[in-house]
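Chain identifiers are assigned alphabetically (A, B, ...) following the order of the sequence lines, protein sequences preceding nucleic acid strands; residue numbering begins at 1 within each chain.
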Amino acid sequence: DAGVTQSPTHLIKTRGQHVTLRCSPISGHKSVSWYQQVLGQGPQFIFQYYEKEERGRGNFPDRFSARQFPNYSSELNVNALLLGDSALYLCASSLGQGPPETQYFGPGTRLLVL
Amino acid sequence: EDQVTQSPEALRLQEGESSSLNCSYTVSGLRGLFWYRQDPGKGPEFLFTLYSAGEEKEKERLKATLTKKESFLHITAPKPEDSATYLCAVQATGSGTYKYIFGTGTRLKVLA
């Protein structure tokens, strides 16, 4: 079975630009979460979506937004990029019936902002 | 405030030298504690889910245990391929969301 997939794998942007990251969950999973991981730190929660509705939001500015589609895939959008947005962006999928629920992570998208 | 602390930050072991990693937590309404392995530049790989104090899970050379305040990941006779960062996360209802709260991880290096 295919795991969580993310695209693109790597991305280079300049300050002020906009970026869209994409995620496809494991088949049968209805919930998608997004995390930001800065080098040397643990992942930080950004959003969780379940059945196209936002279920939770972390302490990130309004420049960060997300949505979930009817097929349960998801997009994370970041506007007005800052140098500090450079990080590994992780998508995790889960059944959505928790908590507790186990989340399975994708390979991540490495974003570099110059 | 919900908090997860992992120790040590880094650990170097000789092949076959058993040890334990610690994850202590302070959360409201713990619903689950999770261990992941992460290789450089990759996404975390799921290892274990623990739900209640006293629970234990095993997989190959790894064994995870849970108490009311902390969890341990025991590594028995490690091999070089066990080298990775091990992350602990908790899921709690006190924050009102289903989010995971992660520790900063323990970087494990196993020398041949």
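Here the side chains of B/F102 and A/Q44 are not in contact, with every heavy-atom distance at 4.5 Å or above. For the pair B/F46/A/T102, a side-chain contact is recorded, criterion being any heavy-atom separation below 4.5 Å from C-beta on. Side-chain atoms of A/P100 and B/Q91, non-hydrogen and from C-beta on, do get closer than 4.5 Å to each other.
Between A/P43 and B/L87, the shortest heavy-atom distance links the atoms CD-CD1, 4.0 Å. Of all heavy-atom pairs between A/L90 and B/G43, the closest is CD2-CA, 3.8 Å.
Proximity to chain B is limited to the side chain of A/Y35, based on heavy atoms less than 4.5 angstrom apart.
One distance of note links CZ of A/F105 with CD of B/Q38; it measures 8.5 Å at 0.5 Å rounding.
Sparse packing is recorded around CZ of B/R12, with 12 or fewer heavy atoms of other residues, nucleotides or ligands lying under 6.0 Å away. The number of heavy-atom neighbours closer than 6.0 Å to CZ of B/R61, taken from other residues, nucleotides and ligands shown, is above 12. Counting heavy atoms of neighbouring residues, nucleotides and ligands inside a 6.0 Å radius, atom CG of A/L83 exceeds 12 of them. Within a 6.0 Å sphere centred on CG of A/N59, other residues, nucleotides and ligands contribute 12 heavy atoms or fewer. For B/E81, the CD atom is densely surrounded, since the number of other residues' heavy atoms within 6.0 Å is greater than 12. Around CD of B/Q3, the count of heavy atoms belonging to other residues, nucleotides or ligands within 6.0 Å does not exceed 12.
Judged purely by atom type and a 3.5 angstrom limit, B/Y100 uses its side chain to pair as donor or acceptor with the backbone of A/Q103.
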